[in-house]
Each structure stands twice: as structure tokens, then as C-alpha cells.
Amino acid sequence: MLDDLVIPLEEIQEHYENGCLIYRKGISIEKNKPICNRCGNKNKHFFAHFPCARCGEQCLYCRKCIMMGRISACTPLISWTGPPAQIDINRSQLSWNGSLSEGQQAASERVVQAINENKELLIWAVCGAGKTEVLFQGIDAALTAGKRVCLATPRTDVVLELTPRLKSVFPNIQVASLYGGSEDRHLNASLTITTTHQLLRFYQAFDTVILDEVDAFPYSVEESLQYAVHQARKQSSSMIYLTATPNEKWQTECLQGKKDFATIPARYHRHPLPMPHFQWCGNWEKGLKKNRLPPTIVQWVKKRLDSNKQCLLFIPKIDKMEKILPLIRSLHPKIEAVHAEDPNRKEKVIAMRNKEIPVLLTTTILERGVTFPNIDVAVLGAEDRIFTESALVQIAGRVGRSAQFPSGEITFFHYGKTNAMIRAKNQILKMNEEARKKGLIDY
Amino acid sequence: MIIEHCLVCFSEMMPQMGWTTLFSKEESSYMCTECYAKFEKIEGETCKSCGRPLVEIEPQFKAGNRCLDCIRWEEDHEWAGTLERNHSLVHYNDFAKEVIARFKYRGDYLLSYLFVPLIKKKLQLISFDAIVPIPLSEDRLYERGFNQSEAIILACGYQPNNLLTRIHSEKQSKKSRSERIHLSQVFQTKINIPNKKILLIDDIYTTGSTLRHAAKVLKEAGAQSITSLTIARG
């Protein structure tokens, strides 16, 4: 977008005249319907007119991506089509002394191959497999070939976590870290780590795009983000998807051979994934109206409090969580609850990590990305539709992550089994079986 | 106009159809009840000059039904009586900050309709001959694409009366209170407006300096009285 550039207009025009960049319309009309060329929005509810002081007309603008600055009918989008910035890399830039597990190594080789051949590949790696390390050799191969690499994820906290890790293994490469409010916006780096939101700023810019947590919110439900990833790729480019929990459609496509994929079925510490245990707990919502918790839950929590084991308890909705908290606090006053809009969210997660909180109630926000070393996990109301197959697999994946404490219990308390619960359990079972067959589990 | 989606959060709104909605001329709502609830409406007794709720001011910072800030303005004979009264609709809380920033800086013009029902209600209590927006400098207008005060006036169905222009501009938000107040005049007007009752519109009242500078110029051009209405009170 023109307004985002710090380069003087004359210089931009000069590059244009030399054929080094192209202008595209911010909003174009297809079959009488407007489409935003930045975010791909076609929904008329997300368009509005305003009397524009620039073009002097009733100008159409897109409200869908307004938070990144207004794209209106008179806004040009600018992208570079000239020669890429000279990157002189011809030897390996990777400085990493770690070693890959057998499963990681096999996947890593597939990544390198896909990047060299500009292909698409899905890495289906269980929670705690060590996905990031699997990328190192592939990224190195891309950089050595002079390619511009992008590592994208839906979540800002993942960008913040990945940036220092990648900077330390590629110490001599310029790394740009992009998220809302980041300062690296104008950095033309060989390696860009970004939220999928920020990819809206790129048009045919990357030779290699690696997309972490494909199934995570909001990427999974936001068409504009999927559009952004598509737009950011060069026409000839490689695409690596990473996930622990591909959705049903992708799973089928993998099994039918329509999608190229590689699995890492075991964790790097070579212990099997903990299997979820189903426990019927009756109509807990009805009990809650009378301020009663299911006795099975009370017992479960008491047992952990007595043996001093920390635990996470997932609750489907915030209002239910608010009812449960005072009830469960009668067991221990330091029990806390956390949800997405909680202003003290970060502090509570840190307190949990410091073992200051014995039991943490949470919504699905802690379903992925967090590691607490030695915990048990339970889901109350696992039948709720918010707990999809992938959510449940991710939640189960919170248990036994560290090599020191590789086991732990995962219980789904439910009022009626759902397909999602059964599919989640089967997925974990299959991964463990595959890992055993391939000799990736020792215990 | 039937709005199907909340202007703020885009969630679908169920139109509350009933005999009352069919037969009354009540304004349709532009936001969902959840978003509406996140704005803290200014109610109860307020400072009779600036419209700040008196209950929120510590006793040592108010006297009678005025806040200390306004008393300071009124003691200064240069400023006394320039702005008769300011009305504000909501508190400038985090939510209001977010929404106003999206309206003004990101440029989501449609949000100018958000407060139309509340503004119209307030306007019934104010008598005025002309409704005047706070002008933007040329650069700022180009940058933003529209003037937020004008947008609000148009959304309410009035014709903005562009009596004021800006002399030169520096960003207000980068200055301290005293810097703002002691600033030389930033507005000018070329027309005489004898005995007119003027209503100024702006998005936020922070120190009141912008509105008072504007009011002073209008007063010098002959206006009888100047009142103001802002969405938020900082």
C-alpha cells in the first residue's frame, strides 16, 4: 500500500518507469461486485463508501482489512517485480549443534527436497515432536539457493518465540519479525517470520513459504488469511505446511494420496503420546445451575491437590468457567481461571509455570503453544462442539511434553461421547502405532 | 435503513421486529448490545462547563458544579466565556479509544454513524443556528481522506458549516496541557457571524484547548454563544 512506504514518491515512480514494480488497483470490480485486492474480501457487508478527500469522489473502501490501513478504490497497491535484492549466500548459514531424532531426520529430508523442487508438502507432526528443528535444513537449503523464505503462523506469540530461535541458528542472516506493531516492516530480509495477518502486505514476494499451525485460529476460519498466504507466494515457489492436527479434509486427502505429506509420529523423547481416558460425568450444566460440580471432577481435582500435581482443566465457555471457579476454589484458594480477554492472561500463565497455581481453569486459548513440564489435564464438557478433533488432540498434547516427565494423565469428562472425541483418540492411537512400527518409541 | 451487522464487531444483529419498531420513528441501532455495553455512557451530574461527570472528580479538584480545569479556564480573562458548555457522550475508555482510533486513524468512515442516535438525542437539548466542524490541515486531510468531525455531522443528517480554517498545524496529541493552552491561535475565520449560536463538533474533548481556540475565533467574529458536542470525554 502506498501509504505504508517510506520511500519518496519520485523514487517509486522511477522504479515503475524502469519496470521494476507494478501498481495494482486496491479494489477492483469483478462481475459488478467489488473485491479487495489486498485481503480478497468479496462480501458486500465489508464494503462502504466515503467522500474521499483524495479523489474527491464517493470512494469504496474495504472494512475487512481496515486495521492495516484503508484500501479504497483510489489506493494503489505496489509490489516489486524487479531483480531481487542481492543476497550472496553460497555456503551453509546454519549454525546448530543439536541433532535430529530419527523421525525428525526423515521429515527434514522431505522438507529439503520439497523446497529444492518448489513443491507443496504437509508435515504432520505430533505435539512435542520438535517441528521447528525439522525446518532448519530446509531453510538453509533455500537460503543457499538465494531464495527468499517466509515462516508464517497465525499467532503473534509464536512469532515472538520463533524469532530468537531462528536468529540464533542463522546468526549471519537478516531476519525480519512481523506482527501488528512490529518495527521490521520495511526490512527486506532473506528470512521473514510473520503472522499470517502481516502477509497481507506481500504480493508474490517469497520463493518458500512455511506455514506453521495451519489448523489454528484464526487462519483456519479466515478466508482473507488464506488469500494472503496465496498472494504472498511467487508463482513458482514451495509451500510447507506444519501441523499436529490436520482437519478431516486434509487427513483424507493425505490418505488418498492427493496431498504430499510426511509424518513425525513420535515425540523427540521417544515416549508414546498419553492416551485420553473418557469419563462420563452426567449433566454437569444442570448441576452447575444448582451450584454443584460433578463428583467425578471434584475427586479428580482433589487427588491432584493431595499429591501436589499441577493440572489444567479445560472448560468450553467463559460464563461456565466463571460459575465453576468459586465452587472449585473451595478445594484450594489459589486456583485460578484464564480466558482470551483476561487482562492478566500472561501473568497467570507465568504463575502456573512457576508452580504458584495448583489448578488452572482455561478456555481453549491454552490448547496449543504452551508447555508446563509436569501436569495432568482434564476437559470438562468434552462433548461441547468447541472441542473439535484437533482441539482435543492439541489439549491431550499438553501432557508429558518434557523428557523429564514424559507421562501424565488426560481425561475427557463428558455427557455423551462425540465423534470428535472418538476421532481424537483414534488419531493419537494411530500415531503411537505408527511410531512403534517405525521403531521411534522406546518405552 | 436496516443494519444487519454491528458496525464495530461485524456480528449479525437480529432486527427487533415488533409493532413498536414498525410504527415508531426510533432510530435503528448501528451496533450490537454487547458493543454498546462496552461504552460507558456519561450520565448524572456533570461539570457545567466541560461535561465531565462530577462524581469522578476528587473533592479537591472541583468547586460547586465546576471542575478545577474549567475554573482555571474561566479565571483567565482571555478565555473566560469563550466556550459556553461542552457535552460529551461517552467516557474515553480503552474500548472507546480503540473504536475512535479505527474511525479516525485507520479511516473506517462508516463508524461515524455509530453515535447518531445518541447525538440526535443530545441535540434536542441544545439550541444552535449553525453546526461547525473542527477543521483539519490540508496535509492531515489528505492523510486521513476525510475530516472526522464533518463525517459525524453528515452522518447525523446536518450540513456542516465550514466557518473555520486552520492556520498551521502541529500534532496536538504530542503536546502537554500547558503547551496546548498557550499555543498561538491555530484557527481563523473569514466571515462575520453576528448573534449566531454555534455548535462545534469534535471526536474527543481532552484538555478542551482545541474547542476553546475554535470558540474564541468564532466569538471574535461576532458569534453570540458557542457550545460543543464530542463523542468522548478524555
Side-chain angles (χ1 to χ4, degrees), chain A residues 1-6 9 26-27 34 36 38-39 41-76 180-181 197 200-201 218 221-225 317-319 339-345, chain B residues 1-13 15 30-32 34-35 37-38 93-95 97-114 133 135-155 158-160 162 165-166:
Chain A
M1 182 178 157
L2 183 61
D3 293 60
D4 279 343
L5 297 175
V6 282
L9 207 59
I27 297 198
C36 170
R38 178 168 65 182
C39 76
N41 168 36
K42 289 180 189 170
N43 186 337
K44 68 175 167 61
H45 295 302
F46 291 121
F47 287 105
H49 287 278
F50 78 107
C52 178
R54 294 192 186 177
C55 66
E57 291 182 27
Q58 282 293 322
C59 200
L60 192 69
Y61 76 98
C62 175
R63 302 188 67 224
K64 178 117 189 191
C65 58
I66 190 86
M67 291 314 282
M68 304 190 79
R70 185 182 50 223
I71 294 287
S72 74
C74 70
T75 319
H197 266 102
L200 287 168
R201 299 188 194 280
V221 294
E222 269 289 347
E223 267 177 65
S224 66
L225 297 180
K317 287 187 193 86
I318 297 179
D319 59 324
H339 58 86
E341 278 160 49
D342 188 337
N344 300 320
R345 176 178 156 183
Chain B
M1 174 155 69
I2 297 168
I3 297 284
E4 297 151 23
H5 291 259
C6 169
L7 286 187
V8 183
C9 70
F10 297 124
S11 66
E12 276 182 50
M13 293 193 294
Y30 296 95
M31 54 184 146
C32 65
E34 283 84 4
C35 287
K38 288 184 193 165
N93 63 6
D94 287 346
F95 187 69
K97 246 178 227 173
E98 223 175 273
V99 174
I100 290 177
R102 176 165 140 207
F103 168 50
K104 178 160 124 174
Y105 301 121
R106 310 288 181 182
D108 198 352
Y109 185 87
L110 209 58
L111 294 179
S112 55
Y113 286 87
L114 218 50
L136 291 181
S137 70
E138 258 179 60
D139 286 353
R140 196 76 60 239
L141 183 62
Y142 182 84
E143 193 181 291
R144 295 194 188 151
F146 62 85
N147 174 331
Q148 72 271 12
S149 323
E150 246 182 86
I152 297 168
I153 297 170
L154 286 167
Y158 288 89
Q159 208 46 45
N162 289 304
T165 50
R166 232 170 232 272

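In what follows, chains carry the letters A, B, and so on, assigned in the order in which the sequence lines appear, proteins first and then strands, with residues in each chain numbered from 1.
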* Check the surroundings of atom CD in A:Gln58: do more than 12 heavy atoms from other residues, nucleotides or ligands lie under 6.0 Å from it? => yes
* Please report the shortest heavy-atom distance between A:Arg63 and B:Leu7, naming the atom on each side. => NH2-O, 2.8 Å
* **Side-chain (B:Arg106) to main-chain (A:Gly69) donor-acceptor, under 3.5 angstrom** => no
* Can you name the closest pair of heavy atoms from A:Tyr61 and B:Leu110 and give their distance? -> OH-N, 2.8 Å
* Asked: Between B:Arg144 and A:Arg70, which heavy-atom pair has the shortest distance, and what is it?
  -> O-NH2, 2.6 Å
* Which residues from residues 145-155 of chain B are near chain A, with near meaning under 4.5 Å between non-hydrogen atoms? -> B:Gly145, B:Phe146
* Structure fact -> Minimal heavy-atom distance between A:Ile66 and B:Arg102, with the atoms involved, is CG2-NE, 3.9 Å
* To do: Go through B:Phe10 and A:His45 one step at a time and tell me if the side chain to side chain contact (heavy atoms under 4.5 Å, CB included) criterion holds.
  => CA-CA 9 Å; B:Phe10 297 124; A:His45 295 302; over 6 Å; no
* Asked: Considering only heavy atoms from C-beta outward, does the side chain of A:Pro51 approach that of B:Tyr109 to under 4.5 Å?
  -> yes
